[in-house]
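One structure is given below, encoded as structure tokens.
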Amino acid sequence: MAQKPSIPKGTRDFNPEQVTKRNYIFNTIQNQFEKFGFQPIETPSFENSETLMGKYGDEGDRLIFKILNSGDYLSKVNDGIYNEKDSNKLTSFISEKALRYDLTVPFARYVVQNQNDIEFPFKRYQMQPVWRADRPQKGRFREFYQCDADVVGSTSLWQEVELVQLYDAVFTTLCLKDTTIKINNRKILSGIAEVIGASDKLIDFTVALDKLDKIGEEKVKLEMLDKGISQAGIDKLQPLFTLSGDFGSQVSQLKDILSNSEEGKKGIEELEFIDAAISELGLETAQLQLDVTLARGLNYYTGAIFEVSAPAGVKMGSIGGGGRYDDLTGIFGMPNMSGVGISFGLDRIYLVLEELGLFPETVSKTLDVLFINFGDSEALYSLKAIKSLRENGINAELYPENAKMKKQMQHANKRNIPYVVLVGEQEMSKSTYTLKNMLKGEQSEVSLTELISQFK
RNA sequence: GUGGUUGUAGCUCAGUUGGUUAGAGCGCCUGAUUGUGGUUCAGGAGGUCGUCGGUUCGAGACCGAUCUUCCACCCCA
């Protein structure tokens with residue numbers, strides 16, 4: 001019985017045009033990564049569960065795809081655990097591997113395992129798919145690509161500065177103007193939490209603050225109260241909700257709030273350093289913006305936090321994010337290894353470029369010229385020319401069948417092939433080629449050298 | 001994980017309070033046109049109405065389950 005085929009929720013097939021466009025983005029990002037001195041690595045699609053579990057918080061653990069053990073995995077589970085029917089508990093007994101959830105944690109694992117062979121500071125980039133057991137939405141998939149660039153082994157803030165430039169360079173090259181690079185610092189968030197006496201509730205506090213532009217001031221305050229933050233503490237936050245003005249004036253308002261917090265002051269210093277450098281160096285098309293409410297859920301960030309949003313008017317979640325993590329490799333037994341990195345969301349960038357019509361027209365063209373097939377002797381004659389064209393870097397192809405001219409022309413049309421060459425007895429006897437421009441409908445009879453020069 | 005939404009031809013969609021043989025536009029195929037595609041004209045092929053079950057004399061339409069789509073949460077690229 002033939003069943004209707006389907007693919008799993010949140011996954012997609014990519015047709016030739018889509019792959020070509022995706023490669024265009026990949027290549028652009030890769031070029032810039034390499035220009036900035038990053039080197040490529042790849043890691044496996046799945047890791048041992050213990051490598052991933054517990055690194056992304058409880059929510060993260062829920063969204064990790066677990067891989068069932070091979071063989072008769074249930075027989076090894078003891079009856080007590082089995083009868084409890086507690087999925088979370090049972091999982092560790094029947095699943096020892098999981099699909100990677102991001103590229104940063106596998107990278108940390110890689111650094112620890114290869115620490116003796118790595119020359120630090122190590123700048124690596126990685127462009128591979130990741131998987132999340134999320135409910136799909138616009139710009140949210142269960143399989144998607146991340147393009148990460150990270151530096152480990154340097155605490156220098158110049159790395160942060162360069163990463164901001166890298167964001168700007170990539171989006172500028174993609175002609176995606178007016179992106180906003182939002183920046184914050186985890187130390188500022190901890191500082192604020194300290195000042196309001198909620199250091200132990202840092203996560204709850206930042207998660208609530210992060211929602212400010214979405215649900216508004218009142219609801220954020222309610223959520224904080226709900227999470228056990230005192231009213232007195234929330235009152236101290238008041239200036240935060242009305243923070244305004246440019247980078248400098250926001251910073252000076254923050255200084256007032258954080259005057260009693262050493263950590264907070266450190267965070268402000270870092271921010272000022274990055275802002276001063278970027279102001280001096282300038283950005284092409286992006287804009288660096290301080291956003292105190294920027295939290296980002298990942299619990300390993302310790303310093304700067306980045307998030308990039310698409311130009312205003314495009315309804316899309318962040319198209320990139322990153323930050324500094326002082327101790328990512330600590331959990332794998334390698335302390336004091338500071339890293340900072342950024343990530344590009346390929347699939348979302350694709351959607352944004354598509355929505356704004358920013359893919360260059362030339363991206364979708366794959367073949368330069370198609371030779372019409374009039375028979376075997378003509379085909380052989382054509383293939384000689386095609387060989388020369390290919391040697392000159394021109395994409396050329398012979399229609400494989402001696403089909404009706406109409407069919408062959410239509411084929412060229414549908415594939416958006418800009419030129420067609422007709423070779424029949426007339427041309428063969430004169431050693432020429434009839435070149436037809438499919439867009440304008442004009443055609444001319446040319447020699448082989450003229451033919452080649454047409455495409456140069 | 002929570003709440004909502006969607007599914008009819010390859011695509012975009014009609015389809016009345018349940019009632020003969022489920023339609024349109026576009027696309028596709030063939031011909032007008034044996035060395036010329038797009039335009040035009042003529043003809044043609046595509047659907048067990050997402051799937052399974054139920055109500056009914058009768059279901060594309062009503063009910064349930066399930067899958068899928070999209071959206072809002074949660075969280076995030």
What interatomic distance, in whole Å, is found between C1' of B/rU2 and the corresponding atom of B/rC74? 8 Å
Donor-acceptor pair under 3.5 Å, A/Q408 side chain vs B/rG35 base: no
Quick one: A/N416 CG to B/rG38 C1', roughly how many Å, whole number? 12 Å
Generate the contact string for nucleotides 2-7 of chain B. Rules: B means base contact, S means sugar-phosphate contact only, - means no protein heavy atom under 4.0 Å. BB----
Who are the ring-ring contact (aromatic ring centres under 6.0 Å, His included) partners of A/Y399, not counting sequence neighbours? A/H411
Test ring-ring contact (aromatic ring centres under 6.0 Å, His included) applied to A/Y381 - qualifying residues, sequence neighbours left out: A/Y433
Distance in angstrom units between A/K440 NZ and B/rG37 P, rounded: 20 Å
With sugar-phosphate meaning primed atoms plus P, OP1 and OP2, does A/Q426 contact a base, only sugar-phosphate, or nothing at under 4.0 Å between heavy atoms? base
Assign A/G60 to base, sugar-phosphate, or nothing according to its heavy-atom contacts below 4.0 angstrom with the strands shown. nothing
Looking at the side chain of A/N413, which of B/rC70, B/rG37, B/rU36 is the nearest nucleotide? B/rG37
Any stacking of A/F344 on B/rA77, going by centres under 5.5 angstrom and planes within less than 30 degrees? no
How does RNA chain B look in dot-bracket form if you count Watson-Crick and G-U pairs under 3.5 Å, write [ ] for pairs that cross, and put | where a base pairs with another strand? ((((..(..((((.....[...)))).(((((.......))))).....(((((..]....))))))..))))....
A/D347 CG to B/rC76 P, in whole Å, measures 18 Å
Spacing of A/E445 atom CD relative to B/rG35 atom C1', expressed in whole Å: 12 Å
Backbone of A/D168 reached by a side-chain donor or acceptor of A/T172 within 3.5 Å: yes
Between A/L439 and A/E223, which residue's closest nucleotide on RNA chain B lies nearer the 5′ terminus? A/L439
Listed nucleotide nearest any side-chain atom of A/V207, set B/rG38, B/rC75, B/rU36: B/rC75
Sugar-phosphate only, base, or nothing, as touched by A/E143 at under 4.0 Å among non-hydrogen atoms: nothing
Under-4.0 Å salt bridge between A/D347 and A/R140: no
Report the glycosidic orientation of B/rG46: syn if within 90° of 0, anti in every other case. syn
How is A/S318 classified with respect to the nucleic acid when contacts are heavy atoms under 4.0 Å: base, sugar-phosphate, or nothing? sugar-phosphate
Is there a donor on the side chain of A/K9 or the base of B/rU68 sitting less than 3.5 Å from an acceptor on the other? no
Is A/E425 touching bases, backbone alone, or none of the nucleic acid, heavy atoms closer than 4.0 Å? base
Applying side chain to side chain donor-acceptor pair (under 3.5 Å) to A/T434 and not counting sequence neighbours gives A/E427
Residue list, side chain to side chain donor-acceptor pair (under 3.5 Å) with A/K315, at least two apart or on another chain: none
Using a 4.0 Å heavy-atom cut-off across all strands, classify A/L422 as base, sugar-phosphate, or nothing. base
Counting the atoms with a prime plus P, OP1 and OP2 as sugar-phosphate, which does A/G57 contact under 4.0 Å by heavy atoms, base, sugar-phosphate, or nothing? nothing
Please pick, from B/rC75, B/rG37, B/rA77, the nucleotide with the shortest atom-to-atom distance to any side-chain atom of A/R348. B/rA77
Look at A/R415 together with A/E397 and state whether they make a salt bridge at an N to O cut-off of under 4.0 Å. yes
Could you please name the option among B/rG35, B/rC28, B/rA77 that lies closest to any side-chain atom of A/R140? B/rA77
Would you indicate what A/G317 reaches in the nucleic acid, counting non-hydrogen atoms under 4.0 angstrom: base, sugar-phosphate, or nothing? nothing
Contact class for A/K407 (heavy atom, under 4.0 Å): base, sugar-phosphate, or nothing? nothing
The nucleotide from B/rC71, B/rC28, B/rG1 with an atom nearest the side chain of A/K414 is B/rC28
Nearest whole angstrom, please: distance from the C1' of B/rC76 to the CZ of A/R142. 14 Å
Can we call the ring centroids of A/Y125 and A/F38 under 6.0 Å apart? no
Is the backbone of A/E96 close enough, under 3.5 Å, to the side chain of A/S49 for a donor and an acceptor to pair up by distance? yes
Nearest to the side chain of A/Q410, which nucleotide is it out of B/rG37, B/rC76, B/rA72? B/rG37
Measuring from the side chain of A/Q137 (C-beta onward, heavy atoms only), which nucleotide among B/rC74, B/rG35, B/rA77 has the closest atom? B/rC74
Tell me: CZ of A/R12 to P of B/rU69, nearest whole Å? 11 Å
Quick one: do A/K221 and A/E217 make a salt bridge, cutoff under 4.0 Å? yes
May I ask you to decide if A/N395's main-chain N or O and A/D368's side chain share a donor-acceptor pair within less than 3.5 Å? yes
Touch class at under 4.0 angstrom, heavy-atom based, for A/G375 against every strand present: nothing
Below the 4.0 Å mark, does B/rG31 have OP1 or OP2 next to a side-chain nitrogen or oxygen of A/K404? yes
Using the P atom on both, measure B/rC67 against B/rG31 and round to a whole Å. 47 Å
Mind checking the P distance from B/rU68 to B/rU55? Whole angstroms is fine. 28 Å
Considering heavy-atom distances to RNA chain B, does A/R132 or A/T11 have its closest nucleotide positioned more toward the 5' end? A/T11
Nearest-Å distance for atom pair CD1/C1', residues A/I215 and B/rC74: 12 Å
Quickly work out the A/E427 CD to B/rU36 C1' distance and round it to whole Å. 12 Å
Between A/S95 and A/S92 (side chain of the first, backbone of the second, donor and acceptor by atom type, cut-off under 3.5 Å), is there such a pair? no
If the cut-off is 4.0 Å, is A/K211 near the phosphate of B/rC75, judged by side-chain N/O to OP1 or OP2? yes
